[in-house]
Q: 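Handing you a structure now.
Given the structure is predicted, the values throughout are model-derived calculations rather than measurements.
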Amino acid sequence: MDPNAVKSTLSNLAFGNVMAAAARDYQKELLAQEKAPASTSINQEVDLDELMDDPELEKLHADRIAALKKEAEKREILKQQGCGEYREITEGDFLGEVTGSEKVICHFYHREFYRCKIMDKHLKLLAVKYIDTKFIKLDAENAPFFVAKLAIKTLPCVILFRNGIGTDRLVGFQDLGGKDDFTTKTLETLFIRKGIINEIKGDEEDEDDHENKRRTVRSSVEINSDSD
């Protein structure tokens, strides 16, 4: 037998064994990788089961449910008291309305006054948003007793009541820049500063702010068009 041929055959066999071993190792690695996610998933399921039985987590969940229920009950009581909407009342209702809630905003208005209609628009928007405060309006012509008693001489006049006591007032638009085009946000900020409504965290811009931005964009476009 040719010695060189024998060496070649042995060499080929050795190389074949190495390749076979490498192939087996590669297959083992692939199988290990396929099993790994399944093992992780099982561990995750076990961890979730343990969390579901955690007394502290159950207490947090129960406390959250109780807080939501309490808030819902509070909102229902406030709605029954007339909060959550902007309502017109009569002179006979006035005392009961302002003494029946902790915080009340009352707009004394005249049906023919343009500025009273502007104030109506903004108060209507805020009434829905701030349910903790009652928003009402009273026709000054039909409430001569309280107009005289509260020394109301200029309309619109918005009086702020805390526990039945008038604590502050807005006469005309003098606290709102003296102009008719003030935004709801401006009035809202003023009410927050006076403590008659509570600031809502993470509040978004109101419709008036969006409208003002749209006007600014339109004006910019018109100016650019003219310059072209």
Q: Please answer whether the main-chain N or O of Lys134 pairs with a side-chain N or O of Lys103 as donor and acceptor at a distance below 3.5 Å.
A: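 Checking the backbone N and O of Lys134 against the side chain of Lys103, no donor-acceptor pair under 3.5 Å is found.
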
Q: Return the minimal non-hydrogen interatomic distance between Ala140 and Val147, and the atom names on each side.
A: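 What the structure gives for the nearest pair is O-CG2, 3.6 Å.
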
Q: Do Leu150 and Ile159 have side chains that get closer than 4.5 Å, going by heavy atoms?
A: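 Sidechains of Ile159 and Leu150: in contact.
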
Q: With no hydrogens and no angle check, is any side-chain donor or acceptor of Glu91 less than 3.5 Å from a backbone partner on Phe145?
A: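 Indeed, once roles are kept as given, a pair shorter than 3.5 Å links the two residues.
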
Q: State which residues pass side-chain hydrogen bond (donor to acceptor under 3.5 Å, both in side chains) with Asn163; sequence neighbours excluded, sorted by chain then number.
A: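 For Asn163, no residue satisfies side-chain hydrogen bond (donor to acceptor under 3.5 Å, both in side chains) once neighbours in sequence are set aside.
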
Q: Compare every heavy atom of Arg115 with every heavy atom of Pro156, then report the nearest pair and how far apart it is.
A: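 Shortest heavy-atom separation between Pro156 and Arg115 comes out as CD-CB, 3.8 Å.
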
Q: Please check this pair: side chain of Ser101 against backbone of Val104, looking for a donor-acceptor N/O pair closer than 3.5 Å.
A: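 No; zero donor-acceptor contacts below 3.5 Å.
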
Q: Specify the closest pair of heavy atoms between Cys106 and Phe161, including all atoms of both residues, with the distance to one decimal.
A: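 Where Cys106 meets Phe161 most closely, the heavy atoms are CB-CE1, 4.0 Å.
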
Q: Assess the residue pair Phe135 and Val158 against the criterion (side-chain contact (heavy atoms from CB on, under 4.5 Å)); give the C-alpha distance rounded to whole Å, side-chain angles, the decisive distance to 0.1 Å, and a yes or no.
A: CA-CA 10 Å; Phe135 288 75; Val158 178; over 6 Å; no

Q: Tell me the closest heavy-atom pair linking Phe182 and Met119, and the distance in Å.
A: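 Taking every non-hydrogen atom into account, CZ-CE, 4.5 Å.
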
Q: Ring pair (Phe, Tyr, Trp, His ring centres under 6.0 Å) with Tyr109: which residues, sequence neighbours excluded?
A: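 Only His107 meet the ring pair (Phe, Tyr, Trp, His ring centres under 6.0 Å) criterion with Tyr109.
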
Q: Just checking, any donor-acceptor pair under 3.5 angstrom between side chains of Thr183 and Thr186?
A: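 Yes, side-chain donor-acceptor contact under 3.5 Å.
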
Q: Is there a side-chain contact (heavy atoms from CB on, under 4.5 Å) between Asn142 and Thr90 once you walk through the steps?
A: CA-CA 8 Å; Asn142 296 326; Thr90 65; over 6 Å; no

Q: Determine the minimum heavy-atom distance between Thr99 and Leu95, stating which atoms define it.
A: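 Taking every non-hydrogen atom into account, OG1-O, 2.6 Å.
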
Q: Can Glu97 and Arg87 be counted as an ion pair, charged N to O under 4.0 angstrom?
A: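 Yes.
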
Q: Between Val171 and Leu190, is there a shared hydrophobic cluster once you connect ILVMFWY residues whose side-chain heavy atoms come closer than 4.5 Å?
A: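 No; tracing contacts between hydrophobic side chains, which count when under 4.5 Å, never links both residues.
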
Q: Among residues at least two apart in sequence or on other chains, which ones pass side-chain hydrogen bond (donor to acceptor under 3.5 Å, both in side chains) with Arg193?
A: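 For Arg193, no residue satisfies side-chain hydrogen bond (donor to acceptor under 3.5 Å, both in side chains) once neighbours in sequence are set aside.
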
Q: Holding to side-chain hydrogen bond (donor to acceptor under 3.5 Å, both in side chains), I want the full list of residues that pass it with Thr167, two or more places apart in sequence or in another chain.
A: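 Checked Thr167 against side-chain hydrogen bond (donor to acceptor under 3.5 Å, both in side chains); zero matches.
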
Q: Listed by chain and number, what are the salt bridge (charged side-chain N to carboxylate O under 4.0 Å, His left out) partners of Asp120, not counting sequence neighbours?
A: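 Counting only residues at least two positions away or on another chain, Asp120 forms a salt bridge (charged side-chain N to carboxylate O under 4.0 Å, His left out) with Lys137.
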
Q: Taking the side chain as every heavy atom from C-beta outward, state whether Leu126 and Tyr86 have any pair of such atoms under 4.5 Å apart.
A: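 Leu126 vs Tyr86: side chains apart.
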
Q: Mind checking what makes salt bridge (charged side-chain N to carboxylate O under 4.0 Å, His left out) contact with Glu199, not counting sequence neighbours?
A: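 Scan of Glu199 (salt bridge (charged side-chain N to carboxylate O under 4.0 Å, His left out), adjacent residues dropped) gives none.
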
Q: List the steps and the verdict of side-chain contact (heavy atoms from CB on, under 4.5 Å) for Asp132 and Ile197.
A: CA-CA 7 Å; Asp132 288 350; Ile197 59 175; over 6 Å; no

Q: Does Lys129 form a salt bridge (Lys or Arg N to Asp or Glu O under 4.0 Å) with Glu188? I'd like the steps, not just the answer.
A: CA-CA 10 Å; Lys129 185 175 181 181; Glu188 180 180 20; 2.9 Å; yes

Q: At what distance, to the nearest 0.5 angstrom, does CD of Glu112 lie from CD of Glu141?
A: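 If I round to the nearest 0.5 Å, the distance is 8.0 Å.
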
Q: Taking side chain as C-beta onward, heavy atoms only, is Thr154 less than 4.5 Å from Phe108?
A: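 No, every pair of side-chain atoms sits at 4.5 Å or beyond.
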
Q: Nearest 0.5 Å, please: how far is CG in Leu160 from CD1 in Ile196?
A: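 Here the interatomic distance stands at 5.0 Å.
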
Q: Testing the basics here: between Asn198 and Tyr130, what is the closest heavy-atom pair and its distance to 0.1 Å?
A: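 Looks like O-CE2, 3.0 Å.
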
Q: List for me each residue that meets salt bridge (charged side-chain N to carboxylate O under 4.0 Å, His left out) alongside Asp139, sequence neighbours excluded, and say none if there are none.
A: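 Arg111.
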
Q: Can you confirm whether Leu123 sits close enough to Leu187 that some side-chain heavy atom of one is under 4.5 Å from a side-chain heavy atom of the other?
A: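 They are in side-chain contact.
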
Q: Check ring pair (Phe, Tyr, Trp, His ring centres under 6.0 Å) between Phe146 and all other residues, then give those that pass, not counting sequence neighbours.
A: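 With neighbours one apart ignored, the set is Phe94.
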
Q: Kindly state each residue pair satisfying salt bridge (charged side-chain N to carboxylate O under 4.0 Å, His left out) with at least one member in residues 143-170, sequence neighbours excluded.
A: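 Passing the test, one end in residues 143-170: Glu102-Arg162, Asp168-Lys194.
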
